[in-house]
2 protein chains.
Amino acid sequence: MNPQAIKVACSNCNLRELCMPMGLTDQDLNRLDDLVAVRRKVKRGDTLFTNGENFTSLYAIRTGFFKTCLATEDGRDQVTGFQMAGEIIGLDGIVNDQHTCDAVALEDAEVCVMPFDRIEEISREVTALQHHVHKIMSREIVREHGVMLLLGSMRAEERLAAFLLNLVQRLHARGFSQSELVLRMTREEIGSYLGLKLETVSRTFSKFVEEGMVEVKQRHVRILDTEGLQRLVNNPAHCH
Amino acid sequence: MNPQAIKVACSNCNLRELCMPMGLTDQDLNRLDDLVAVRRKVKRGDTLFTNGENFTSLYAIRTGFFKTCLATEDGRDQVTGFQMAGEIIGLDGIVNDQHTCDAVALEDAEVCVMPFDRIEEISREVTALQHHVHKIMSREIVREHGVMLLLGSMRAEERLAAFLLNLVQRLHARGFSQSELVLRMTREEIGSYLGLKLETVSRTFSKFVEEGMVEVKQRHVRILDTEGLQRLVNNPAHCH
DNA sequence: CGGATCTTTGAAGATGCTCAAATAGCGTGG
DNA sequence: CCACGCTATTTGAGCATCTTCAAAGATCCG
């Protein structure tokens with residue numbers, strides 16, 4: 001067991017409104033405290049799990065920021081998502097008891113390790129948890145539908161706009177600014193997620209800056225015109 | 001209730017090796033017979049469910065072929081998947097108790113209606129079913145990762161090759177030919193799924209025919225060079 | 001048979017990619 | 001503290017791929 005592991009509880013976690021315990025009663029919450037075996041720290045650049053690794057647990061992110069990515073032998077590489085505090089990671093491993101992607105910490109991170117057999121066990125008794133687990137998986141499916149829409153039908157500007165708005169909205173739900181954010185990933189990682197080359201990402205940022213829609217200083221982004229970005233995402237016809 | 005609905009049972013369904021009952025013991029299977037409330041027929045072109053509709057049930061496809069697609073108000077449209085016999089459809093609806101996409105029958109179809117509260121109820125008692133439901137959802141997540149890889153990193157030929165190989169592989173698992181298939185969808189629907197325009201799909205088919213990799217007569221496709229297609233998907237570097 | 005839909009093919013154009021080079025920031029160690 | 005090397009980012013120019021627009025041909029189904 002990881003030496004950095006420490007015993008913890010969901011019931012007094014400040015992320016409980018976003019994370020696994022969402023919507024559970026206090027009574028149910030106590031049952032959930034058996035769920036998180038340990039916490040685990042992951043240093044920036046390290047992997048939480050990798051493709052091919054045996055699946056044992058889901059992970060709730062307590063702090064830090066992850067990317068999940070698929071790498072094939074032939075050199076293709078696809079970032080399939082970016083995950084932040086309160087989000088659950090590792091769902092890909094359930095189907096074949098093996099993870100099928102890598103989860104890489106983009107900054108020093110800490111996760112709650114939730115052994116999946118424990119989750120299933122408690123789910124059988126705590127209906128609210130069962131329901132919540134189903135919702136978490138369904139949410140991931142719906143999120144990926146959205147990414148497919150983005151990758152399948154949007155042009156570069158629309159993709160980047162959608163990406164920024166999504167990030168800032170999730171950060172806002174966690175108490176951060178609605179208009180400012182610090183990107184934890186490189187242009188290349190953004191590009192991989194959006195199906196674009198890093199140069200295209202960079203150029204598109206520059207274009208947004210020229211048009212006064214955002215300010216960009218390295219990885220610090222300030223959104224000046226949320227509606228403008230929103231319009232890009234929603235009105236494809238207008239923007240040629 | 002739909003007048004075409006008729007009472008049925010999983011335990012003697014010939015799809016049980018592919019569908020919901022997969023891997024359950026005979027004893028558990030009997031419990032599952034309570035699961036499928038009714039069957040429902042869906043005519044070609046009709047919807048099984050639509051975006052915004054209340055979510056109540058998952059559906060197991062008994063016969064026929066579906067597409068699921070996202071349509072936004074601004075005219076974007078994305079086919080998120082094609083589903084065939086034995087596959088489960090409707091998982092998108094769990095998270096918000098509303099479906100977020102349309103499921104359209106591409107040929108006359110019949111589905112088993114499985115009320116989701118029933119699924120959850122039986123899942124609490126039949127561990128194998130609980131586990132199986134989790135696997136089904138995880139499988140969908142992993143499938144979508146694959147589509148993201150396709151949309152994010154493949155060129156037109158690679159996408160179409162991957163698409164054909166995937167279809168024929170799934171059909172083969174259902175007892176059909178490894179090399180021949182009938183497309184149930186239009187070029188436009190294929191294009192939407194693959195993030196391409198219908199003309200590009202058509203041209204790419206023509207190219208495959210020229211190269212002797214497939215025979216195409218309308219929607220009838222015969223694959224002549226499976227390895228060639230596989231190489232396209234796996235060796236991006238070779239194919240420029 | 002005839003209209004509607006689907007498919008194919010061509011030609012021109014746009015978007016994003018590749019290759020290349022310059023610049024900026026970051027972290028380490030002298 | 002500064003220099004250095006490394007990585008990340010920006011920007012330009014030419015190019016490939018895919019899209020758009022257009023028209024003709026095929027197929028399906030009432």
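The structure displayed is predicted, hence computed values, not measured ones. Below, chain A is the first sequence line, B the second, and so on; all start at residue 1.
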J.: Round to the nearest Å and state the distance from B/Met185 atom CE to C/dC6 atom P.
T.: 14 Å
J.: Please give, in whole Å, the distance from D/dA16 P to A/Lys197 NZ?
T.: 16 Å
J.: Starting from C1' on C/dC26, measure out to CZ on A/Arg219 and report it in whole angstrom.
T.: 10 Å
J.: Counting any heavy atom closer than 4.0 Å, what does B/Arg159 reach on the DNA or RNA strands: base, sugar-phosphate only, or nothing?
T.: nothing
J.: Would you say A/Glu227 and A/Asp225 make side-chain contact, with heavy atoms under 4.5 Å?
T.: yes
J.: Between C1' on C/dG16 and CG on A/Leu151, what's the gap in Å once rounded to a whole number?
T.: 14 Å
J.: Can you check the B/Glu188 CD to D/dC18 C1' distance for me, whole Å?
T.: 16 Å
J.: Atom CD1 of A/Ile190 to atom P of D/dA8: distance rounded to whole Å?
T.: 13 Å
J.: Would you check if the side chain of B/Thr63 reaches a backbone N or O of B/Glu110 as a donor-acceptor pair within less than 3.5 Å?
T.: yes
J.: Using atom types as modelled and distance alone, determine if a side-chain donor or acceptor of B/Thr200 lies under 3.5 Å from a backbone N or O of B/Leu196.
T.: no
J.: Establish, from distance only, whether the side-chain atoms of B/Ser202 and B/Glu199 form a donor-acceptor pair under 3.5 Å.
T.: no
J.: Measure from NZ or CZ of B/Arg184 to the centre of the six-membered ring of B/Phe82 and say whether it is under 6.0 Å with the direction within 45° of the ring axis.
T.: no
J.: Provide, to the nearest angstrom, the distance between the CD atom belonging to B/Glu107 and the P atom belonging to D/dC28.
T.: 15 Å
J.: Contact class for B/Gly195 (heavy atom, under 4.0 Å): base, sugar-phosphate, or nothing?
T.: sugar-phosphate
J.: Provide a list of protein-nucleic acid N or O atom pairs under 3.5 angstrom, restricted to nucleotides 8-13 of chain C.
T.:
residue : atom : partner  : partner atom : Å
C/dT8   : OP1  : B/Arg187 : NH2          : 3.2
C/dT8   : OP2  : B/Arg187 : NE           : 2.9
C/dT8   : OP2  : B/Ser202 : OG           : 2.8
C/dT8   : O5'  : B/Ser202 : OG           : 3.2
C/dT9   : OP2  : B/Ser206 : OG           : 2.5
C/dG10  : N7   : B/Arg203 : NH1          : 2.8
C/dG10  : O6   : B/Arg203 : NH2          : 3.0
C/dA11  : N6   : B/Arg203 : NH2          : 3.3

J.: Ignoring hydrogens and geometry beyond distance, is a side-chain donor-acceptor pair present between B/His145 and A/Glu144 at under 3.5 Å?
T.: yes
J.: Check whether A/Gln78 reaches the backbone of A/Ser192 with its side chain - one donor and one acceptor, N or O, closer than 3.5 Å.
T.: yes
J.: Measure the distance from NZ on A/Lys207 to P on C/dA14 and round it to the nearest whole Å.
T.: 13 Å
J.: Want to settle it: does A/Lys217 or A/Met154 sit nearer the 5' end of DNA chain C, counting the closest nucleotide to each?
T.: A/Met154
